[in-house]
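Report on the structure given below.
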Amino acid sequence: MLKIRYLLPVFLLLSGIASLTISGCKPREEELQTTGGLAFSADTVKFDTVFTTIRTVTKRLWVYNRNPKAVNVDLVSLDSPATSPYTLLINGDLKQTATNLFIRGNDSLLILVRALLKDNGQNGLAKNLVVQENLNFRTNGQDQHVLLRSFGQNIYLHQDAALPCGEVWTNDRPHVLYGQVVVPAGCTLRIKPGTRVYAHAGARLIVQGTLLVNSTADYMPGTGPTDTVKATNANIVRFMGDRSGETQYATAPGQWTGIEFDASSRGNVIRYALIQNATFGAFLYNPTPQSQSFRPDVTIQNSVIRYISGAGVSAAAAASNLGLSGAGVLSVSGDVTLENTLLSDCYEYAVLGYGASSIALNYCTIANYPAVSAVRKTASLAFTNMSLDGTVKYTNGQTLTVVNSIVWGSIDDELFLENYADYKAAVTIKNSLLKTQLYKASTDAANAPGLAQTGLGNILNKDPMFVRINTVSSNDYRLGINSPALASKNAVPPLIPRDLLNLPRNASTPDLGAYRATK
């Protein structure tokens with residue numbers, strides 16, 4: 001034991017001398033080998049639906065050295081580095097070529113790739129194009145390639161612009177919104193059948209004048225047995241996020257702000273449209289409801305508003321439990337008419353009215369089953385006479401009408417009427433299927449309507465039996481064959497003779513909601 005104690009310092013001294021005198025001793029993964037190539041996380045880096053003149057999202061390419069020892073990558077380069085539509089970020093450095101890149105054994109290198117297609121074809125017809133180029137690697141005399149491929153489309157780009165009066169958007173190529181795009185007061189934007197409108201993050205369409213989407217002058221479907229208006233119908237006008245073509249963003253809400261109707265906006269019509277991926281589908285904003293000459297209005301018919309959320313929206317909340325958030329339709333003292341319209345998969349509200357709003361639903365379906373249903377805490381249809389900031393209570397000018405409709409979703413109370421006693425004479429809720437615990441009584445209470453009263457003809461808390469729910473992208477809110485919403489005998493005029501799919505309704509016993517049942 002004593003000998004070992006005296007020998008230990010000697011061993012330490014000898015090992016220190018050895019470390020100084022033995023040169024070139026490296027861990028195996030840092031030893032350079034002169035054979036062997038690379039492996040890649042993908043053989044093709046693909047960009048789907050790239051809009052020309054707009055830089056794409058960033059894609060990642062991992063370059064792996066699967067060898068036990070290090071390799072030196074002699075060259076990384078694009079086919080045409082000076083003129084390429086692709087840009088590279090190699091190990092954190094923005095460059096189109098790189099040389100002598102050292103990759104340790106069983107280690108990797110990260111390359112970030114973006115694309116910018118330059119041909120926007122502003123003076124030509126719609127054009128789809130495929131732009132591809134090789135990203136080349138030379139290692140130990142071995143050449144390897146990864147294909148960069150973009151599927152591009154030329155566009156009309158509207159960026160922080162006030163549109164000319166009498167502007168007409170057509171379907172010859174997509175329209176892309178960046179920033180704030182404004183329809184000035186006194187001017188009209190007319191959007192023709194089949195037009196696609198894609199909005200970049202945060203973009204919004206501000207209507208100070210008039211918006212006409214698929215107006216009756218532009219589109220009227222036929223009345224034959226095959227003249228249905230399905231989701232794939234070429235005449236539907238589509239508003240969506242500019243990344244909605246990517247699988248992970250197809251149903252993601254809040255990708256752009258939405259369509260805002262300012263106080264000066266009049267005569268707006270949205271027909272046969274799809275609005276999705278936004279914070280608001282339609283936002284009517286009237287800060288001075290006392291003046292009847294400043295009441296924005298919109299009529300929305302035969303449309304779908306879905307995948308809506310205002311998570312992270314910063315605005316003053318009302319002095320109530322309604323707090324401002326995302327909504328399929330949000331009215332601040334505006335006039336809204338909804339007919340044959342589906343509002344679905346909204347994370348907060350489907351319809352939300354503040355102040356002196358006037359909101360009417362006829363043959364509409366509200367069906368709220370967003371992808372993350374646990375986040376839902378607010379009624380799908382909410383109405384209050386409070387101002388947006390919660391400081392003023394309006395005593396007149398507000399009306400709410402819900403007839404022949406369905407209000408349903410994933411929480412127990414999908415209807416909330418704040419301060420109902422103040423405006424109860426202006427509320428009509430009849431012949432509708434509703435999910436409510438607050439208002440399920442057969443008599444009125446002090447501040448709550450009794451919606452089970454016989455004369456109202458409502459159906460309360462009976463599952464409408466939608467064809468398919470909780471599947472997110474493939475939810476189907478048509479009525480099942482045993483739905484209690486079928487063949488109502490209490491229909492409230494006016495009858496809308498055809499449903500959201502343009503199928504004829506039974507005039508004497510129409511089904512509730514936006515869709516008639518298909519037997």
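One-based numbering along the sequence shown.
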Task: Donor on one side chain, acceptor on other, E348 and S309, under 3.5 Å - done: yes
TODO: State which residues pass side-chain hydrogen bond (donor to acceptor under 3.5 Å, both in side chains) with D476; sequence neighbours excluded, sorted by chain then number.
DONE: R478
Task: Check: N67/N65 side-chain N/O donor and acceptor closer than 3.5 Å - done: yes
Task: F47: partners by ring-ring contact (aromatic ring centres under 6.0 Å, His included), with sequence neighbours left out - done: none
Task: Any F151 side-chain heavy atom under 4.5 Å of V50 side chain - done: no
Open item on the list: Please give me the minimum heavy-atom distance between L38 and V73, naming the atom from each residue.
Closed with: CD1-CG2, 4.1 Å
Task: Residue pairs fulfilling salt bridge (charged side-chain N to carboxylate O under 4.0 Å, His left out) with at least one residue in residues 217-228, sequence neighbours excluded - done: R190-D218, K192-D218
TODO: Could you grab the distance from atom CG of L89 to atom CD1 of I111, nearest 0.5 Å is fine?
DONE: 9.5 Å
Open item on the list: By the salt bridge (charged side-chain N to carboxylate O under 4.0 Å, His left out) test, which pairs, at least two apart or in different chains, include something from residues 74-90?
Closed with: none
Task: For L503, side chain to side chain contact (heavy atoms under 4.5 Å, CB included) partners two or more places apart - done: T228, D499, L501, R516, T518
- [ ] Flag the pair E414 and R376 as a salt bridge only when some basic side-chain nitrogen lies within less than 4.0 angstrom of an acidic carboxylate oxygen.
- [x] yes
Task: Cation-pi check, R173 onto Y156 ring (under 6.0 Å, within 45° of axis) - done: yes
- [ ] Assign the ring pair Y285 / F283 to parallel, tilted or perpendicular, where the plane angle (0 to 90°) is split at 30° and 60°.
- [x] tilted
- [ ] Could you grab the distance from atom OG1 of T87 to atom CG of L94, nearest 0.5 Å is fine?
- [x] 6.5 Å
Please tabulate, one pair per line, all N/O donor-acceptor pairs under 3.5 Å involving side-chain atoms of residues 229-236, not counting sequence neighbours.
{"residue": "N233", "atom": "OD1", "partner": "N235", "partner atom": "N", "Å": "2.7"}
{"residue": "N233", "atom": "OD1", "partner": "N235", "partner atom": "ND2", "Å": "3.2"}

- [ ] Answer yes or no: does atom CZ of R60 have more than 12 heavy-atom neighbours from other residues, nucleotides or ligands under 6.0 Å?
- [x] no
TODO: Compute whether any side-chain donor of one residue and acceptor of the other, for N362 and N404, lie under 3.5 angstrom apart.
DONE: yes
Open item on the list: Quick check for you: to the nearest 0.5 Å, what is the distance between L512 atom CG and C364 atom SG?
Closed with: 12.0 Å
TODO: Answer whether the closest heavy-atom distance between the side chains of R498 and T223 falls below 4.5 Å.
DONE: yes
TODO: Please identify each residue that fulfils side-chain hydrogen bond (donor to acceptor under 3.5 Å, both in side chains) with E246, with sequence neighbours left out.
DONE: R243
Open item on the list: Do C187 and E167 have side chains that approach each other closer than 4.5 Å (heavy atoms only, starting at C-beta)?
Closed with: no
Open item on the list: Can a side-chain donor-acceptor contact be found between Y477 and W408 if the only test is distance below 3.5 angstrom?
Closed with: no
Task: For the student: nearest non-hydrogen atoms of N368 and S380, plus distance - done: ND2-OG, 2.8 Å
- [ ] Check whether any side-chain heavy atom of T365 lies under 4.5 Å from a side-chain heavy atom of L343, and answer yes or no.
- [x] no
Task: Contact check, side chains of Q301 and T299, non-hydrogen atoms, under 4.5 Å - done: yes
Open item on the list: Quick one: does any side-chain atom of R271 pair with a main-chain N or O of N214 as donor and acceptor, under 3.5 Å?
Closed with: yes
Task: For S357, side chain to side chain contact (heavy atoms under 4.5 Å, CB included) partners two or more places apart - done: S331, I359, F383
Task: Main-chain N/O of D335 paired with S358 side-chain donor or acceptor, under 3.5 Å - done: no
TODO: Answer yes or no: is there a donor N or O on one side and an acceptor on the other, between the side chain of S265 and the main chain of A263, under 3.5 Å?
DONE: no
- [ ] Applying side chain to side chain contact (heavy atoms under 4.5 Å, CB included), name anything that partners N302, two or more places apart in sequence or on another chain.
- [x] Y272, N340, L500
Task: Nearest atoms (heavy-atom pairs only) where N72 meets T139 - done: O-CG2, 3.7 Å
Task: R114 NZ/CZ over Y86 ring centroid, <6.0 Å and within 45° of normal - done: no
TODO: First locate atom CZ of R238, then atom CG of N277, and finally report the distance between them rounded to the nearest 0.5 Å.
DONE: 12.5 Å
Open item on the list: If you compare all heavy atoms of A485 against all heavy atoms of L479, which two are closest, and at what distance to 0.1 Å?
Closed with: CB-CD1, 3.9 Å
Task: Separation of Y349 OH from L330 CG (nearest 0.5 Å) - done: 10.0 Å
- [ ] Identify, with sequence neighbours excluded, every residue that meets side-chain hydrogen bond (donor to acceptor under 3.5 Å, both in side chains) alongside Y198.
- [x] none
TODO: First locate atom CG of N154, then atom CZ of F51, and finally report the distance between them rounded to the nearest 0.5 Å.
DONE: 10.5 Å
- [ ] Please report the closest heavy-atom contact between S333 and N286, naming both atoms and the distance.
- [x] O-ND2, 2.9 Å
Task: Q208 versus S264, side-chain donor and acceptor atoms under 3.5 Å - done: no
- [ ] Please confirm whether the backbone N or O of Q276 pairs with a side-chain atom of W256, one donor and one acceptor, at under 3.5 Å?
- [x] yes
- [ ] Decide yes or no on side-chain contact (heavy atoms from CB on, under 4.5 Å) for I308 and T279, but give the supporting numbers first.
- [x] CA-CA 5 Å; I308 302 296; T279 296; 5.9 Å; no
TODO: Go through the side-chain N and O atoms of N475 and D345 and say whether any donor and acceptor fall under 3.5 Å apart.
DONE: yes
Task: Heavy-atom side-chain contact between I305 and V329 under 4.5 Å - done: yes
TODO: Would you check if the side chain of Q96 reaches a backbone N or O of L88 as a donor-acceptor pair within less than 3.5 Å?
DONE: yes
- [ ] Check whether any side-chain heavy atom of P85 sits under 4.5 Å from a side-chain heavy atom of L116, and report yes or no.
- [x] no
Task: Any residue meeting side chain to side chain contact (heavy atoms under 4.5 Å, CB included) with H200, in chain and number order, not counting sequence neighbours - done: Y178, D242
Task: N/O donor-acceptor pair under 3.5 Å between N134 side chain and H145 backbone - done: no
Task: Exam field: side chain S303 to backbone A273, donor-acceptor pair closer than 3.5 Å - done: yes
Task: Residue pair T53 / L117, side-chain heavy-atom distance below 4.5 Å - done: no
Task: Any donor-acceptor pair under 3.5 Å from S244 side chain to G241 backbone - done: yes
TODO: Give a yes or no answer on whether the side chain of T97 reaches the backbone of V76 with a donor-acceptor pair at less than 3.5 Å.
DONE: no
TODO: Apply side-chain hydrogen bond (donor to acceptor under 3.5 Å, both in side chains) to R138 and list each qualifying residue two or more places apart in sequence or on a separate chain.
DONE: D143
- [ ] List the steps, then state whether side chain to side chain donor-acceptor pair (under 3.5 Å) holds for N171 with T195.
- [x] CA-CA 4 Å; N171 65 4; T195 300; 5.7 Å; no
Task: Heavy-atom closest contact (V181 atom, H158 atom, distance) - done: CG2-O, 3.4 Å
Open item on the list: If we ignore hydrogens and angles and just use 3.5 Å, is the side chain of S108 paired with the main-chain N or O of W62 as donor and acceptor?
Closed with: no
